Asks: 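The structure's right below; bear with me while I get my questions together.
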Amino acid sequence: MDLNTITSVVEAGAPGEPAMWRPGDAWLAGGTWLFSEPQPRLRRLIDLAGFGWQPLRIDERGLEIAATCTLTQLFGAVMPLDWRAATLIGDCCRALLGSFKIWNAATVGGNLCLSLPAGPMISLTASLDGTCTIWTPARGERQVACVDFVTGAQHNVLEPGELLRSITLPVSALRCVTAFRRISLSPYGRSAALLIGRRSSDDGSFILTVTASTVRPVQLSFPDLPAPAELGAALEREIPLDLYHSDVHGAPAWRRHMTVEFAEEIRRELSRPNGACHG
């Protein structure tokens, strides 16, 4: 779509020196959402390609994903063999259900910043204890846990002029055994519930992350694998009905039902002998 209110497109400056942001600006990465509908409040786009950020960095601490990393780049990366949770990358990329054109343009950071409940990069990074690095207009930076980044449907913690720089996934989470569940109302529909469970490679603890069915990510942590009743009670306590998302892709009551069903399936899967984590 042509954005007829845009008067200029400027390239972002050198790394660490963002172009001066002003009201009416928008950061431009892949642009798959930005160019999909009118943006009457915008006057200028700041193209992040000018930063030249390395899409992915793998080291002994874990995985750093640049906000401008595309789904294709993330999906095609070769991860260390002991990062058992890396299978979630393919699961979550495929959950976007976009064409190859979308995969080649859509970015990990854009998916987080759009903050749709069904955003699969939100699911991936929140479930693996990701940390967002955010650049501020005053040339500073701050860190926010990915599970706390999205605050509601299309709402997040970014203040005007702030820019998501990267997401870091720790090696402790990447070495875990995981289980993935997803459902939508149609074979190629938007996710209505997407749950990811994992067992800690350090202490065997169980972490369940609920996304898509809720307006923001919800994470439940247990020191060991919970009993069915304990898990059910935690879901009831931590996710009231008004926290479940409501739109044409699923009613809240159905989303809650599927969340409870998937949570128990994940619990059972990770209770099997080959689902136990080892350091």
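As the structure is a prediction and not an experimental result, all values here were calculated from the model.
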Asks: Could I get the full list of salt bridge (charged side-chain N to carboxylate O under 4.0 Å, His left out) partners for R43, not counting sequence neighbours?
Replies: none

Asks: Give a yes or no on whether the ring-centroid distance for W135 and F51 is below 6.0 angstrom.
Replies: yes

Asks: Is the closest side-chain heavy-atom distance between W27 and L158 below 4.5 Å?
Replies: no

Asks: Nearest 0.5 angstrom please: I122 CD1 to C92 SG, how far?
Replies: 11.0 Å

Asks: How many angstroms lie between CG in L56 and OG in S166, if you round to the nearest 0.5 Å?
Replies: 11.0 Å

Asks: Excluding sequence neighbours, so at least two apart, what forms side chain to side chain contact (heavy atoms under 4.5 Å, CB included) with E60?
Replies: none

Asks: How about Q143 and I134: do any of their side-chain heavy atoms sit closer than 4.5 Å?
Replies: no

Asks: To the nearest 0.5 angstrom, please state how far the CG atom of D82 sits from the CZ atom of R175.
Replies: 4.5 Å

Asks: The criterion is salt bridge (charged side-chain N to carboxylate O under 4.0 Å, His left out); which residues satisfy it with E261, sequence neighbours excluded?
Replies: none

Asks: Once salt bridge (charged side-chain N to carboxylate O under 4.0 Å, His left out) is applied, do any residues pair with D242, and if so which ones, sequence neighbours excluded?
Replies: none

Asks: Look at the rings of F222 and F206 and say which category their plane angle falls in: under 30° parallel, 30 to 60° tilted, over 60° perpendicular.
Replies: tilted

Asks: Please list, chain by chain and in numerical order, all residues satisfying side chain to side chain contact (heavy atoms under 4.5 Å, CB included) with H249, sequence neighbours excluded.
Replies: R190, D247, R255

Asks: Mind checking whether S36 and T32 have side chains closer than 4.5 Å, heavy atoms only?
Replies: no

Asks: Does anything in residues 111-131 pair up under salt bridge (charged side-chain N to carboxylate O under 4.0 Å, His left out), and if so which pairs, sequence neighbours excluded?
Replies: D129-R198

Asks: With a 4.5 Å cut-off on side-chain heavy-atom distances among I, L, V, M, F, W and Y, is there a chain of contacts connecting F180 to L235?
Replies: no

Asks: Please report the shortest heavy-atom distance between G30 and T107, naming the atom on each side.
Replies: N-CG2, 3.7 Å

Asks: Please, which pairs that meet salt bridge (charged side-chain N to carboxylate O under 4.0 Å, His left out) have at least one residue in residues 158-172, sequence neighbours excluded?
Replies: R142-E162

Asks: Determine the minimum heavy-atom distance between I167 and V108, stating which atoms define it.
Replies: CD1-CG1, 4.0 Å

Asks: Nearest 0.5 angstrom please: L163 CG to L48 CG, how far?
Replies: 5.5 Å

Asks: How close do G62 and L174 get, heavy atom to heavy atom, and via which atoms?
Replies: CA-CD1, 4.2 Å

Asks: Please round to the nearest 0.5 Å and tell me the distance separating atom CD of Q219 and atom CG of D148.
Replies: 9.0 Å

Asks: Of all residues at least two apart in sequence or in a different chain, which pass the ring pair (Phe, Tyr, Trp, His ring centres under 6.0 Å) check with W103?
Replies: F75

Asks: Just to verify, what does P40 make a side chain to side chain contact (heavy atoms under 4.5 Å, CB included) with, not counting sequence neighbours?
Replies: P38

Asks: Ignoring hydrogens and angles, state whether a donor on the side chain of T211 or S123 is under 3.5 Å from an acceptor on the partner side chain.
Replies: yes

Asks: Sequence neighbours excluded, which residues qualify as side-chain hydrogen bond (donor to acceptor under 3.5 Å, both in side chains) partners of T259?
Replies: S213

Asks: So if you build clusters from Ile, Leu, Val, Met, Phe, Trp, Tyr with side-chain heavy-atom gaps below 4.5 Å, do I239 and V147 land together?
Replies: no

Asks: Tell me the salt bridge (charged side-chain N to carboxylate O under 4.0 Å, His left out) pairs involving residues 208-237, sequence neighbours left out?
Replies: R199-D224

Asks: Going by the side-chain hydrogen bond (donor to acceptor under 3.5 Å, both in side chains) test, which pairs reach into residues 63-76, not counting sequence neighbours?
Replies: R57-E64, T70-Q73, T72-N104

Asks: Can N156 and S115 be counted as having a side-chain donor-acceptor contact under 3.5 angstrom?
Replies: yes

Asks: What I'd like to find out is whether the side chain of D25 reaches to under 4.5 Å of the side chain of P23, using heavy atoms alone.
Replies: no

